[in-house]
Colleague: 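The structure that follows is given in the form of structure tokens.
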Amino acid sequence: MSFAIQAVDLSKVYRSGDSELVIFAGLNMELAEGEQVALVGESGAGKSTLLHMLGGLDTPTNGAIYFGQNNICRLPAGELAKFRNRELGFVWQIQSLLGEFTAVENVMMPLLIRGLAREDAEKVALARLDEVGLRNRAEHRAGELSGGEQQRIVLARALVGDPRVLLADEPTGNLDYRTGEMIMDLLQDLHRSRRLTSIHVTHNLNFARRADRALSLEQGRLTSWEPQQGRNYV
């Protein structure tokens with residue numbers, strides 16, 4: 001089997017004076033190419049910390065994270081930033097759109113950072129907005145969009161650079177039930193059509209049931225989560 005991501009013997013320890021807070025230690029994780037994995041667990045279990053490390057936004061205390069044969073923990077900061085820009089897409093619970101820019105300008109941003117000409121970046125960004133059903137909102141600023149529309153803009157921005165991996169942290173956490181269901185449907189449709197490898201941190205167990213596989217992070221350990229467990233994570 002070809003693995004898109006492998007986390008090997010990961011640990012994350014926060015130190016303050018003589019005390020230590022161990023988030024997890026000796027953690028291992030493997031994701032196959034094209035797999036959609038949900039990550040569940042209680043608040044404070046370390047799910048977001050793990051996602052940030054997989055995305056190269058945080059550094060493990062020990063261990064390695066491989067994308068293919070590439071251990072991103074060994075990349076210099078500049079190379080790691082380029083890797084994130086080209087290989088990864090991020091969707092957060094807080095939409096983090098730049099309020100002074102239009103929807104299309106927000107979506108263009110990763111391509112402009114990459115060095116693409118503005119005209120070319122805008123063309124790609126408009127195509128991504130069309131993909132999430134918001135081409136008609138391209139010139140609207142973030143404050144003029146609903147919460148669901150803002151999250152679709154974030155998703156378009158995450159996909160504008162054609163990443164191989166999509167990392168989402170509570171992508172429906174701030175949305176009402178109906179809007180959250182629509183975003184879940186869109187995430188799954190785009191996962192399949194773009195042949196992504198996806199990891200979604202979620203408290204929404206309905207979302208977890210729809211993934212190819214669900215993992216639970218509890219007391220520093222990753223275990224398989226089965227729908228029949230029915231445990232409610234809040």
Colleague: Decide yes or no on side chain to side chain contact (heavy atoms under 4.5 Å, CB included) for Val91 and Leu166, but give the supporting numbers first.
Modeller: CA-CA 8 Å; Val91 178; Leu166 181 67; 4.0 Å; yes

Colleague: Take atom CD of Glu100 as the centre, draw a 6.0 Å sphere, and report whether it contains more than 12 heavy atoms from other residues, nucleotides or ligands.
Modeller: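 Correct, the count exceeds 12.
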
Colleague: Is any side-chain heavy atom of Val132 less than 4.5 Å from a side-chain heavy atom of Leu190?
Modeller: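 Val132 reaches Leu190 side chain to side chain.
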
Colleague: If you group Ile, Leu, Val, Met, Phe, Trp and Tyr by side-chain heavy-atom gaps below 4.5 Å, do Leu80 and Ile199 land in one group?
Modeller: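 Yes, Leu80 connects to Ile199 through the hydrophobic network.
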
Colleague: Under the criterion side chain to side chain contact (heavy atoms under 4.5 Å, CB included), I'd like the reasoning laid out for Leu39 against Thr202: C-alpha separation, chi angles, the key distance, then a yes or no.
Modeller: CA-CA 6 Å; Leu39 183 60; Thr202 185; over 6 Å; no

Colleague: Is the shortest side-chain N to carboxylate O distance from Arg210 to Asp185 below 4.0 Å?
Modeller: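 Answer for the salt bridge query: yes.
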
Colleague: Start with the C-alpha distance between Leu21 and Val13, add both sets of side-chain angles, then the distance that settles side chain to side chain contact (heavy atoms under 4.5 Å, CB included), and finish with yes or no.
Modeller: CA-CA 6 Å; Leu21 175 63; Val13 181; over 6 Å; no

Colleague: Looking at Pro163 and Gly89, what are the two nearest heavy atoms and their distance?
Modeller: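 Pro163 and Gly89 have their closest heavy atoms at CB-N, 3.6 Å.
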
Colleague: With a 4.5 Å heavy-atom cut-off, do Ser43 and His203 have their side chains touching?
Modeller: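 A side-chain contact under 4.5 Å exists here.
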
Colleague: Assess the residue pair Glu131 and Arg194 against the criterion (salt bridge (Lys or Arg N to Asp or Glu O under 4.0 Å)); give the C-alpha distance rounded to whole Å, side-chain angles, the decisive distance to 0.1 Å, and a yes or no.
Modeller: CA-CA 11 Å; Glu131 204 168 354; Arg194 290 184 155 272; 3.0 Å; yes

Colleague: Can you list the steps and then say if Gln219 with Phe24 is a side chain to side chain contact (heavy atoms under 4.5 Å, CB included)?
Modeller: CA-CA 7 Å; Gln219 298 181 343; Phe24 42 74; over 6 Å; no

Colleague: So, the side chain of Glu35 versus the backbone of Ala32: is there a donor-acceptor pair under 3.5 Å, distance only?
Modeller: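 Yes, Glu35 side chain to Ala32 backbone: donor-acceptor pair under 3.5 Å.
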
Colleague: Taking the side chain as everything from C-beta on, heavy atoms only, tell me whether Ser224 gets closer than 4.5 Å to Arg213.
Modeller: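 In short, these two side chains do not touch, never coming nearer than 4.5 Å.
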
Colleague: If we check side chain to side chain contact (heavy atoms under 4.5 Å, CB included) with Arg128, which of these qualifies: Leu159, Leu134, Leu111?
Modeller: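 Passing option: Leu159.
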
Colleague: Could you state the interatomic distance from CG (Leu187) to CD (Gln36), rounded to the nearest 0.5 Å?
Modeller: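 With rounding to 0.5 Å, CG (Leu187) is 7.5 Å from CD (Gln36).
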
Colleague: Give me each pair satisfying ring pair (Phe, Tyr, Trp, His ring centres under 6.0 Å) with a member in residues 39-73, each pair once, sequence neighbours excluded.
Modeller: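 Residue pairs passing ring pair (Phe, Tyr, Trp, His ring centres under 6.0 Å), neighbours aside: His52-Trp92, Phe67-Phe83.
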
Colleague: Between CG of Asn204 and CZ of Arg209, what distance do you get to the nearest 0.5 Å?
Modeller: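 Those atoms lie 9.0 Å apart.
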
Colleague: Write down the atom of Ile153, the atom of Ala103, and the distance for their closest heavy-atom approach.
Modeller: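 Heavy-atom minimum between the residues: CD1-CB, 3.6 Å.
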
Colleague: Does one side chain, of Glu181 or Asn206, offer a donor that lies under 3.5 Å from an acceptor on the other?
Modeller: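 Result is yes, a qualifying pair exists.
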
Colleague: Of the non-hydrogen atoms in Ala25 and Ser11, which two are nearest, and what is the gap between them?
Modeller: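 Heavy atoms only, the tightest pair is CA-CB, 3.7 Å.
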
Colleague: Report yes if some heavy atom in the side chain of Val165 is under 4.5 Å from a heavy atom in the side chain of Glu87; otherwise report no.
Modeller: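 No, side chains not in contact.
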
Colleague: I'd like to know if the side chain of Asn70 and the backbone of Ile72 have a donor-acceptor N/O pair within less than 3.5 Å.
Modeller: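 Checked: no pair found.
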
Colleague: Distance-only, no hydrogens or angles: does the Lys12 side chain make a donor-acceptor pair with backbone N or O of Thr59 under 3.5 Å?
Modeller: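 Flag set: sc Lys12 to bb Thr59 pair under 3.5 Å.
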
Colleague: Treating Glu79 as the side-chain partner and Pro76 as the backbone partner, does any N or O pair qualify as donor plus acceptor under 3.5 Å?
Modeller: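 No.
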
Colleague: Check whether Glu149 reaches the backbone of Ser146 with its side chain - one donor and one acceptor, N or O, closer than 3.5 Å.
Modeller: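 Looks like yes, one N/O pair under 3.5 Å.
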
Colleague: Is the count of non-hydrogen atoms from other residues, nucleotides or ligands lying under 6.0 Å from Arg114 atom CZ greater than 12?
Modeller: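 Yes, the 6.0 Å shell around CZ holds more than 12 heavy atoms from other groups.
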
Colleague: What distance do Asp212 atom CG and Gln188 atom CD have between them, rounded to the nearest 0.5 Å?
Modeller: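 The CD atom of Gln188 is 8.0 Å from CG of Asp212, to the nearest 0.5 Å.
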
Colleague: In terms of hydrophobic clustering (I, L, V, M, F, W, Y; side-chain heavy atoms under 4.5 Å; direct or indirect links), are Phe101 and Ile113 co-clustered?
Modeller: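 Yes, same cluster.
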
Colleague: Do Gln151 and Thr172 have side chains that approach each other closer than 4.5 Å (heavy atoms only, starting at C-beta)?
Modeller: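 Of all side-chain heavy-atom pairs linking Thr172 with Gln151, none is under 4.5 Å.
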
Colleague: I'd like to know if the side chain of Gln150 reaches the main chain of Ala142, judged simply by a donor and an acceptor atom lying under 3.5 Å from each other, with no hydrogens or angles considered.
Modeller: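 Flag set: sc Gln150 to bb Ala142 pair under 3.5 Å.
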
Colleague: CD1/Ile183 to CZ/Arg178 distance, rounded to the nearest 0.5 angstrom?
Modeller: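 Nearest 0.5 Å value for the CD1-CZ distance: 13.0 Å.
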
Colleague: Determine the minimum heavy-atom distance between Phe90 and Leu57, stating which atoms define it.
Modeller: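 Reported closest heavy-atom pair: CE2-CD1, 3.7 Å.
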
Colleague: Main chain of Leu129, side chain of Arg135: is a donor-acceptor contact present, judged purely on distance under 3.5 Å?
Modeller: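 No, because the side chain of Arg135 does not come within donor-acceptor range (under 3.5 Å) of the backbone of Leu129.
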
Colleague: Tell me if a side-chain donor or acceptor on His191 pairs with a main-chain N or O of Gly34 at a distance below 3.5 Å.
Modeller: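 Yes, because the side chain of His191 sits within donor-acceptor range (under 3.5 Å) of the backbone of Gly34.
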
Colleague: Atom CZ of residue position Arg164 - does it have more than 12 heavy atoms of other residues, nucleotides or ligands inside 6.0 Å?
Modeller: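 Count not over threshold, so no.
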
Colleague: Per the side chain to side chain contact (heavy atoms under 4.5 Å, CB included) rule, which among Val201, Ile5, Leu215, Thr197 passes with Val37?
Modeller: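 Among Val201, Ile5, Leu215, Thr197, the one that satisfies the side chain to side chain contact (heavy atoms under 4.5 Å, CB included) with Val37 is Leu215.
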
Colleague: Are Met109 and Leu155 joined in one hydrophobic group, where the rule is that I, L, V, M, F, W and Y side chains link up if heavy atoms are under 4.5 Å apart?
Modeller: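 Different hydrophobic clusters.
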
Colleague: Between the main-chain N or O of Leu97 and the side-chain N or O of Asn106, is there a donor-acceptor pair closer than 3.5 Å?
Modeller: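 A pair under 3.5 Å: no.
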
Colleague: Is there a side-chain contact between Leu145 and Arg137, using heavy atoms and a 4.5 Å cut-off?
Modeller: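 Yes, their side chains come closer than 4.5 Å.
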
Colleague: Output the distance between atom CG (Leu222) and atom CG (Leu50), rounded to the nearest 0.5 Å.
Modeller: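 Taking CG in Leu222 and CG in Leu50, the distance rounds to 6.0 Å.
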
Colleague: I'd like to know if Leu27 and Tyr14 are part of one continuous hydrophobic network [Ile/Leu/Val/Met/Phe/Trp/Tyr, side-chain heavy atoms within less than 4.5 Å].
Modeller: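 Shared cluster, yes.
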
Colleague: Taking the basic N atoms (NZ, or NE/NH1/NH2) and the acidic carboxylate oxygens, is any pair closer than 4.0 Å for Lys47 and Glu218?
Modeller: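 Judged by the 4.0 Å cut-off on N to carboxylate O distance, Lys47 and Glu218 do not form a salt bridge.
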
Colleague: Against Pro60, only a single residue in Thr49, Leu54, Leu10 fulfils side chain to side chain contact (heavy atoms under 4.5 Å, CB included); can you say which?
Modeller: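 Among Thr49, Leu54, Leu10, the one that satisfies the side chain to side chain contact (heavy atoms under 4.5 Å, CB included) with Pro60 is Leu10.
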
Colleague: Do Arg141 and Glu144 meet the salt-bridge criterion of a basic N to acidic O distance under 4.0 Å?
Modeller: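 No, Glu144 and Arg141 are not salt-bridged.
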
Colleague: Taking all non-hydrogen atoms of both residues into account, name the closest pair between His200 and Ala168 and its distance.
Modeller: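 Between these two residues, the closest heavy atoms are ND1-CB, 3.2 Å.
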
Colleague: Is the backbone of Gly56 close enough, under 3.5 Å, to the side chain of Arg84 for a donor and an acceptor to pair up by distance?
Modeller: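 Side chain of Arg84 to backbone of Gly56: a pair is present.
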
Colleague: What about Leu217 and Val8, same hydrophobic cluster or not, with Ile/Leu/Val/Met/Phe/Trp/Tyr joined at side-chain heavy-atom distances under 4.5 Å?
Modeller: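 No; Val8 is not reachable from Leu217 via cluster members.
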
Colleague: Give, for atom CG of Leu126 and atom CD of Glu122, the distance between the pair rounded to the nearest 0.5 Å.
Modeller: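 Nearest 0.5 Å value for the CG-CD distance: 5.5 Å.
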
Colleague: If every non-hydrogen atom of Gly46 is compared with every non-hydrogen atom of Ile23, which pair is closest and at what distance?
Modeller: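 In terms of heavy atoms, the two residues are closest at CA-CG2, 3.8 Å.
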
Colleague: Do Asp162 and Arg86 meet the salt-bridge criterion of a basic N to acidic O distance under 4.0 Å?
Modeller: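 Looking at Arg86 and Asp162, the cut-off is not met.
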
